[in-house]
Amino acid sequence: MPQVAVCQVADCAYNQDSTCHALAITVGDGTHARCDTFFTFPSKGGDAAATGRVGACKVSGCLHNVGLECQAPGITVAALQDAADCLTYTMR
Ligand code: SF4
């Protein structure tokens, strides 16, 4: 599974020091390349010893998407407006 190389969404419960610690994130709501795993919580979660990976991606229109799985070498996630977006998304 591709690694979340950088995540700049500091507010996310799984984010510490620009690193995602969710073991497997889900990206996409079918049309937008948003991180569906993003949420806020009073304390941090995830596995502090692990770096997050893309478990599934529903953005079938992305160049890196093969059979609803991400095949990019790694992705970058950042906050756009009030959502967490996959910046590695590339239109086919
Ligand atoms: S790079 Fe494309 S296929 Fe990979 S997670 Fe981002 S939107 Fe999905």
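In each ligand, atom 1 is the first atom listed, and ligand 1 is the first ligand listed. Remember, it's a predicted structure, so these values are computed and weren't measured experimentally.
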Asker: What pairs with D36 under salt bridge (charged side-chain N to carboxylate O under 4.0 Å, His left out), at least two apart in sequence or on another chain?
Answerer: K58
Asker: Identify which one of V77, V27, T76, L80 satisfies the side chain to side chain contact (heavy atoms under 4.5 Å, CB included) criterion when paired with D85.
Answerer: L80
Asker: Just grab all the ring-ring contact (aromatic ring centres under 6.0 Å, His included) pairs involving residues 65-91, residues at least two apart or on different chains.
Answerer: none
Asker: Got a second to check how far R53's CZ is from C20's SG, nearest 0.5 Å?
Answerer: 11.0 Å
Asker: Restricting to under 2.8 Å, identify the protein N, O or S atoms around atom 2 (Fe) of ligand 1 as residue plus atom.
Answerer: C62 SG
Asker: Check side-chain contact (heavy atoms from CB on, under 4.5 Å) between A79 and all other residues, then give those that pass, not counting sequence neighbours.
Answerer: V9
Asker: Treating Ile, Leu, Val, Met, Phe, Trp and Tyr as nodes and any side-chain heavy-atom pair under 4.5 angstrom as an edge, say whether Y14 and V54 lie in one connected cluster.
Answerer: no
